[in-house]
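Every chain is numbered from 1 and lettered A, B, ... according to where its sequence line falls, protein lines coming before strand lines.
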Amino acid sequence: MNVPSSFISAPPELSWKSVVTATILRGVGVRHTRHTCLPLLLVFPIPTGTVNVYLRNCCGLLKLVLNLEAGVCVRRCAGQVEAHMPRGGGGAGSSSGSKGAAPLGKQDAFNEAQTAMRAQVIGPFENHGQCKLSMVNVTATADMKCTIDLKTVVMRARNAEYNPKRFSACIIRLINKNEPKATALVFKTGKVVVTGSRSNASVDYACKTFARILSKLDNGSGGPSHKINFDLERDRRVQNMVATTDVGFPIRLEGLVASNQGCFCNYEPELFPGLIYRMKDPKICFLIFVSGKVVLTGAKSAQQLEDGFKKMYPTLCQFKKATVLLQTSATARTANAAASASASTDSSSEPARKKTKT
DNA sequence: CACATATAAAAGGTCA
DNA sequence: TGACCTTTTATATGTG
């Protein structure tokens with residue numbers, strides 16, 4: 001990496017479009033913390049593989065020439081120079097005044113975004129208590145039907161980061177408060193993985209928004225940089241859905257795993273406190289916890305989630321704990337400890353005491 | 001408080 | 001060829 005430390009004056013061509021933050025990752029040689037975030041200005045166009053970075057401080061601007069291939073992650077914000085951690089508490093850029101990542105503008109689009117912001121709730125179902133499934137994550141793939149220059153994307157799109165040394169996709173996040181949160185992994189082939197949506201409507205909105213963002217990136221001379229040809233129905237496929245629910249009573253996981261003799265179940269509390277139950281039809285994986293909370297994942301549709309839960313519910317009832325305590329985590333933990341203590345008196349098998357971690 | 005453990009799923013690059 | 005990387009999300013334990 002080439003890091004000349006000469007101070008220069010601000011280049012006249014700097015505009016809000018040029019404002020970015022850059023994240024210097026471990027191994028680049030600047031710092032050895034995992035992420036060292038610097039408030040930076042970045043100027044483009046850039047020579048292949050490098051970015052010219054202008055760090056603003058009280059003395060003026062410090063020019064750095066960083067090599068993208070050397071582990072530099074560049075992130076562009078929405079008009080404000082600011083440093084932020086990649087996994088920190090959001091809030092980056094995008095004040096309401098500037099255009100959001102996908103300002104469809106029309107009232108319809110606004111309404112669509114507002115609708116998409118609501119988490120999808122399935123149920124309650126008859127004869128299943130008052131259980132409702134809350135969808136917490138939807139993963140989908142979208143095909144933009146054209147190759148994409150990821151360096152252009154990271155330079156031009158808001159809230160984009162790209163570190164080819166770390167991962168081969170460019171990551172774009174929707175963090176506008178007026179639209180549903182979502183994250184896209186954009187690959188150079190034009191394939192996009194969208195995660196973080198909380199409903200079908202939300203993932204559809206996110207796919208359309210990412211397609212629009214990519215299609216509107218300009219090539220530096222006013223024209224579009226990519227010929228995006230995305231059709232929602234044709235090119236979007238939901239790949240995974242995660243939902244959570246609470247059956248409202250504690251569950252005897254030891255009993256549940258014993259009754260299934262390991263054919264569906266895997267329960268190793270030393271490794272992970274949840275029981276893992278893999279249902280074959282529909283193909284859904286359940287994480288079942290003593291507290292009565294249940295996580296469902298692996299589904300391709302809301303219908304599969306519903307079918308799987310309805311099929312699972314009687315089994316959960318079967319292994320309902322006799323002693324029902326109040327549902328605070330502290331009391332649940334106490335109840336669990338008490339239950340395992342009493343279990344140890346009548347069953348000497350107790351694999352839990354062994355700290356054999358393989 | 002951050003991170004590890006575990007679950008599903010896709011993408012495409014890298015490495016043994 | 002398969003394992004890993006990365007992203008997201010709920011869940012709940014333990015460790016530093």
With A/Ala211, which residues qualify under side-chain contact (heavy atoms from CB on, under 4.5 Å), at least two apart?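 Listed in chain order: A/Met144, A/Ile228, A/Phe230.
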Set of side-chain contact (heavy atoms from CB on, under 4.5 Å) partners for A/Ser168, sequence neighbours left out: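 Listed in chain order: A/Phe187.
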So what does A/Lys181 touch, heavy atoms closer than 4.0 Å: a base, only the sugar-phosphate, or nothing?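 No contact.
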Salt bridge (Lys or Arg N to Asp or Glu O under 4.0 Å), that's the test. Do A/Lys151 and A/Asp149 meet it? Break it down for me. CA-CA 6 Å; A/Lys151 282 177 186 150; A/Asp149 178 50; over 6 Å; no
Check: protein-nucleotides 1-4 of chain C nitrogen or oxygen pairs below 3.5 Å:
none

In whole Å, I'd like the distance from the CG atom of A/Leu174 to the P atom of C/dT7.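 After rounding, the gap between these two atoms is 16 Å.
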Rounded distance in Å - CD1 (A/Ile284) to P (B/dA9):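 In whole Å, B/dA9 P lies 11 Å from A/Ile284 CD1.
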Looking at DNA chain B, which of residues 301-314 of chain A put a heavy atom within less than 4.0 Å of it?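 Under 4.0 Å from DNA chain B: no residue of residues 301-314 of chain A.
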Nucleotide of [options] approaching [X] most closely (side-chain heavy atoms):
X: A/Ile276; options: C/dT11, B/dA6, C/dT13; result: B/dA6
X: A/Leu271; options: B/dA6, C/dT11, C/dT9; result: B/dA6
X: A/Val295; options: C/dT11, C/dT7, B/dA6; result: C/dT11

Counting distance alone, no hydrogens or angles: does the base of C/dA10 have a donor or acceptor under 3.5 Å from a partner atom on the side chain of A/Thr244?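 There is none.
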Look at the rings of A/Phe125 and A/Phe309 and say which category their plane angle falls in: under 30° parallel, 30 to 60° tilted, over 60° perpendicular.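 The arrangement is tilted - the two ring planes meet at 30° to 60°.
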Tell me whether the rings of A/Phe272 and A/Phe289 are parallel (<30°), tilted (30 to 60°) or perpendicular (>60°).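 Plane angle over 60°, so perpendicular.
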Using a 4.0 Å heavy-atom cut-off to protein, can you give one letter per nucleotide of nucleotides 10-16 of chain B, 5' to 3': B if the base is in contact, S if only the sugar-phosphate is, - if neither? BBBS---
Give me the bend of the helix from B/dC1-C/dG16 to B/dA16-C/dT1, using the axes of the five pairs at each end, rounded to 10°.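 Here the local axes at opposite ends form an angle of 70°.
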Look only at the side chain of A/Asn137 and the backbone of A/Gly196, and say whether a donor-acceptor pair between them is shorter than 3.5 Å.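 Such a contact is found between A/Asn137 side chain and A/Gly196 backbone.
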